[in-house]
Amino acid sequence: MGEINSAENSIRDCVVDGNILPLTSTCNTRCVFCSHRFNPPEVRVYRIPPRTLASIKNALPFIDPARPIVIGESVTRIIEGEPFTHPEIAGILRLLRSAFPRTPVRLTTNGILLDEDMAHLLRRLGNITLNLSLNCMGERNRNFLLGDNQAGAAVNSVKLLKKYGIPFHGSVVAMPHLTGWDDLENTIRYLSWHEAETLRVFEPGFSRFAPPELQFSRTLRAELESFISRLRRIINIPIISEPPFIGSLEAEVAGVIAGSPAAGAGLKPGDVITEVNGSGVNSRVQAFGRILKAANPEVAVKRGSEPPMAFCIRKGRGERSGLVMHYDLDPGLIDDMARVARRRRARTVLLLTSPLAAPVLRQGLERFWEEGADVETLEVENHFFGGSIRAAGLLTVGDMGDCLGKYLAASTTGKPDLVLLPGLAFDRTGSDLTATPYTRLEEEFGIPMEAI
Ligand code: SF4
């Protein structure tokens, strides 16, 4: 009963917090890189059967019509499977469209079950954008990497999306050490030919539980970076790397969607946005957010060694500009941290974060931190998952406690007044992926803490 309630609570949290509508944990493939495989046994995630239409109807009042409805995205405790395996997917999409006639729907799929009838329905319902995780194209690679023995179906789904004019973004988990670089390049080119709006290339990750053949050398990231920069020069769609290769908070444009207001205005990949409507911008997230909110924003741009330029992006308030930028840092996060430090009257603040997020956070603190309190960042290694895992959202209370213990043992200045923890690692009850609350750390170390 406890498990069912926890799954129900997690489903409700998905809808309320993220406008994410979980449908089913069933999947029709078995990807070797699937984040649900090779987890430590203590990870508390929930597998759900296809949800009934009645339970989906019950969730509708919690959906925010002003934000896109997200389907098939695995970002929570619920193991999200392939939406098109749901026996009532057509009815669910019709239900959503009749309840929310103007709300965009974003659906992530592997494309295997996307046939002519479904493509027709998606076009008829309108305002549905797909994230198509194609991953690889070659028959042998699809079989080996994804456990997909009908390679033609997913590959054909890309043609159907183009034929029916359904907007889509392509994605691949780059496993060139297993599939070869040619298949990776062919897959990206294929998605580009069929007019994907953008393409996301994910660097794979492996935990300490992954078999040796799935592990890769630390040089893969650098190889991937040079592979992507070469492709950016010859392929006409914005390619986004996840996690991003970013060295600064400069608001650099990673790409511009063809036919978009930003493309019409003349913006190009590599441009650096320095001002929006006359006020300076300090990060990609800030520039992107201001442009999104504004009607016909005027942007000042630095383009290589050319003199400063100005463009007007003709679009409505809240309408997408078509600019594609990597996610770096929301200055609002630093404001929130400062607010907590003030409220707690802290003079020394220790910020725990992941090795992946630390460089950007340090730059953000240098740029935006205006409090009198001293703030220091502490990088927490992920020993719980181990392997190549470095994301803040996968840190656990155990790893944070070990790291903090060592830091305090070596500290010559004593305990900080406040410890800030990465909010991404905790659910709304303040518990990590193993259902351990961070209040345990407060009790153990006797320091006030907040997840932010
Ligand atoms: S399609 Fe997604 S959910 Fe299914 S096995 Fe692959 S990664 Fe996992």
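Positions are given from 1, in the same order as the sequence printed here. Counting starts at 1 for both ligands and their atoms, in listed order. Everything numeric in this text was worked out from a predicted model, so none of it was measured.
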Measure from the ring center of F206 to the ring center of F38 and say whether it is less than 6.0 Å.
->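 Judged by ring-centre distance (under 6.0 Å), F206 and F38 do not meet the cut-off.
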
Under 4.0 Å from atom 3 (S) of ligand 1, do we find at least one protein heavy atom?
->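 Yes, at least one protein heavy atom sits under 4.0 Å from atom 3 (S) of ligand 1.
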
Numbering as shown, the atoms of ligand 1 that approach [X] to under 4.0 Å (heavy-atom distance):
X: E80; result: 3 (S)
X: T29; result: 1 (S), 4 (Fe), 5 (S), 6 (Fe)
X: C34; result: 5 (S), 7 (S), 8 (Fe)

Quick check: does C27 have an N/O/S atom under 2.8 Å of atom 8 (Fe) of ligand 1?
->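 It does not: C27 brings no N, O or S atom closer than 2.8 Å to atom 8 (Fe) of ligand 1.
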
For atom CZ of R67, decide whether the heavy atoms of other residues, nucleotides or ligands shown that lie under 6.0 angstrom number more than 12.
->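 Yes - once you tally the heavy atoms of other residues, nucleotides and ligands closer than 6.0 Å, there are more than 12.
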
Give a yes or no on whether R362 atom CZ has more than 12 heavy-atom contacts from other residues, nucleotides or ligands under 6.0 Å away.
->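 Count over threshold, so yes.
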
Has the side chain of S133 got a donor or acceptor atom that lies under 3.5 Å from a matching backbone atom of S171?
->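 Answer holds: no.
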
Return yes if some donor-acceptor pair links the side-chain N/O of R142 with the main-chain N/O of C136 below 3.5 Å, else return no.
->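 Checked: pair present.
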
Checking only N/O/S atoms, does C31 have one that is under 2.8 Å from atom 4 (Fe) of ligand 1?
->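 Within the cut-off used here (under 2.8 Å), C31 places no N, O or S atom near atom 4 (Fe) of ligand 1.
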
